[in-house]
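In what follows, residues are counted from 1 in the order of the sequence shown. The figures that follow rest on heavy atoms only: side chains count, while hydrogens, waters and symmetry mates do not.
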Amino acid sequence: MTDLSYTSPRSGSRTANILLRWALYIMLGLFALFYLMPLFVMVITSFKSLDEIRTGDLISLPREVTFEAWRTAWSGACTGIQCEGVRPFFWNSVLIAIPAVLISTLIGALNGYVVAQWRFKGANLFFALMLFGCFIPFQVVLLPMARMLGLMGMAGTIPGLIFVHVIYGLGFTTLFFRNYYVSIPSELTKAAKVDGAGFFRIFWSIFLPLSLPIIVVTVIWQFTQIWNDFLFGVSFSQAGTQPVTVALNNIVNSTTGVKAYNVDMAAAIIAALPTLFVYVVAGKYFVRGLTAGSVKG
C-alpha cells in the first residue's frame, strides 16, 4: 500500500520558507510600530485640547479634533519675548536651506568631476583633505568660523549661515560625486577632448545629465542636514535670522504659566514636515543613487 501522508522534502522546505517570511514580516511590523509610536503620539496630542491632555490617556485618540494648537504654533506661540510662532523662522530656514543646498551641490559636483576624471598632481591628497573635513566635529569649527564671519562682515546674517553650511557640506558633496563619477568610463572624457570639448563643456553636456541619481542623494542629504541643524543656527544667527530649529527650542523652553504640550507637538511637526516630505517623495531615489557608484571606486 502507498503511504498517502508522505510529504516531499520540497513541500516541507516551502512551508518553512513561508513561515520564516511571515515571522520576518511580523518582526519588521513590530519594529515599525515601535519607531512610529512617538510620531503617532505627537500627531494625536497636537489635535487635543489642554483639558483633554490632562484628563486623557497618552495614546488615546482625541475625543474632539481641534486645530487651535496648530494655529498657535504657526503664528502665536512665544519664542521668548516675541509671540509670532514658528512662521518667520520657518521661512528663514527656507531662505538658508535652498541656496545652501544648490551651491554646495554644484560645487561638490565640480570637485568630484575634477578629482575623478581630471587627474592632477596632488589630486589624491586634495580628496583626502576634503574627506577629512567630513569628520571634523561641529564644535571644533565654531570659533574659527565665527572669527571668519566677523572678518567678512557676515556675522548674524542669513548669507553668513548659507556660507557656513556650504563650506561644511563640501566634504560630503565632493565625496558623493567623486565616488559616482569614478564609475563613469574615462573614455567618455578622452573622446570629448578629441572632439574639442573643454572642461566645462564636458561637465555640462556629458557628466551633469548622467548625475541625476547622485544629485538626488546629495540634495536629500544636504537639505536634511541643513534644515535640522541647531548648533550652527543658534551660534551664528541673531534675532530675525534664526532658523526654525532654534525657534522650536525656544518654544519648548518658554512657558507662560501653563505648559502647552499640544502647541509644542504641533510646532515640532511643522518643523519636521519639509524633511519628512522630502524623504517620502524621494526616499527610494536616495537609496538607488547612494548605491549607484558603489561598484567601482
* Is a donor on one side and an acceptor on the other found under 3.5 Å between the side chain of Gln242 and the backbone of Phe89? -> no
* Mark yes or no for whether Thr173, through its side chain, and Leu170, through its backbone, hold a donor-acceptor pair below 3.5 Å. => yes
* Output, in order, the C-alpha distance, side-chain angles, deciding distance and verdict of side chain to side chain contact (heavy atoms under 4.5 Å, CB included) for Leu142 and Leu231. => CA-CA 9 Å; Leu142 288 181; Leu231 185 59; 4.2 Å; yes
* Would you say Met148 has more than 12 foreign heavy atoms packed within less than 6.0 Å of its CE? -> no
* Asked: Heavy atoms, side chains only, cut-off 4.5 Å: are Ser46 and Tyr261 in contact?
  -> no
* To do: Kindly indicate, with the supporting measurements, whether the criterion side chain to side chain contact (heavy atoms under 4.5 Å, CB included) is fulfilled by Lys193 and Ile202.
  => CA-CA 8 Å; Lys193 289 180 182 178; Ile202 296 174; 4.1 Å; yes
* Under 6.0 Å from the CG atom of Leu143, do we count more than 12 heavy atoms belonging to anything else shown? -> no
* Side-chain touch Trp91/Val244, heavy atoms, less than 4.5 angstrom -> no
* Using atom types as modelled and distance alone, determine if a side-chain donor or acceptor of Ser211 lies under 3.5 Å from a backbone N or O of Ile214. => no
* What orientation do Tyr168 and Phe232 show, parallel under 30°, tilted 30 to 60°, or perpendicular over 60°? -> perpendicular
* Taking every non-hydrogen atom, the tightest pair across Ile251 and Lys259 -> O-NZ, 4.4 Å
* Whether over 12 other heavy atoms sit under 6.0 Å from Ile59 CD1 -> no
* Should Ile158 and Asn92 count as side-chain neighbours, where that means a heavy-atom distance under 4.5 Å? -> yes
* In a check of side-chain contact (heavy atoms from CB on, under 4.5 Å) between Val234 and each of Val246, Asn250, Thr245, which one passes? -> Val246
* Asked: Taking the six-membered ring where the residue is Trp, are the ring centres of Tyr113 and Phe177 under 6.0 Å apart?
  -> no
* Structure fact -> Value for CZ (Phe40) from OG1 (Thr45), rounded to nearest 0.5 Å, stands at 9.0 Å
* Provide the closest heavy-atom pair for Gln238 versus Gly156 in the form atom of the first, atom of the second, distance. => CG-O, 3.2 Å
* Evaluate the side-chain proximity of Val219 to Ile215: yes if any heavy-atom separation is below 4.5 Å, no if none is. => yes
* Asn253 side-chain N/O to Asn249 backbone N/O, donor-acceptor pair under 3.5 Å -> yes
* Structure fact -> Minimal heavy-atom distance between Thr79 and Ala247, with the atoms involved, is CG2-O, 3.8 Å
* Structure fact -> For Glu52 and Glu64, the nearest pair of non-hydrogen atoms, with its separation, is OE1-N, 3.8 Å
* Asked: Does Gln117 use its side chain to pair, donor to acceptor, with the backbone of Ile184 at less than 3.5 Å?
  -> yes
* Asked: Can you find a heavy atom in the side chain of Asp264 that is under 4.5 Å from one in the side chain of Met42?
  -> no
* Let me see the working for Phe172 and Thr218 under side chain to side chain contact (heavy atoms under 4.5 Å, CB included), right down to the final yes or no. => CA-CA 8 Å; Phe172 293 100; Thr218 307; over 6 Å; no
* Asked: Side-chain contact, heavy-atom cut-off 4.5 Å: Ile269 with Leu273?
  -> yes
* Is the number of heavy atoms from other residues, nucleotides or ligands under 6.0 Å of Phe67 CZ greater than 12? -> no
* Find out if a path of hydrophobic residues (ILVMFWY) with successive side-chain heavy-atom gaps under 4.5 Å connects Leu161 to Phe138. => yes
* Please confirm whether the backbone N or O of Ala272 pairs with a side-chain atom of Thr275, one donor and one acceptor, at under 3.5 Å? => yes
* To do: Give the ring-plane orientation class for Phe203 versus Tyr181, where under 30° counts as parallel, over 60° as perpendicular and anything between as tilted.
  => perpendicular
* Crowding at CZ, Arg21 (>12 non-hydrogen neighbours, <6.0 Å) -> no
* Verify whether one side chain among Ser205 and Arg201 offers a donor that lies under 3.5 Å from an acceptor in the other. => yes
* To do: Locate the shortest heavy-atom distance separating Thr241 from Ile96; write the atom from each residue and the value.
  => O-CD1, 4.2 Å
* Do any N or O atoms from the side chain of Asn262 and from the backbone of Ala266 form a donor-acceptor pair under 3.5 angstrom? -> no
* With no hydrogens and no angle check, is any side-chain donor or acceptor of Lys48 less than 3.5 Å from a backbone partner on Leu61? -> no
* Asked: Does the gap between the ring centers of Trp227 and Phe90 come in under 6.0 Å?
  -> yes
* Asked: Which heavy atom of Ala69 sits nearest a heavy atom of Val263, and at what distance?
  -> CB-N, 3.9 Å
* To do: Verify the cluster assignment for Leu210 and Val216: are they in a single hydrophobic cluster under the rule of side-chain heavy atoms below 4.5 Å apart?
  => yes
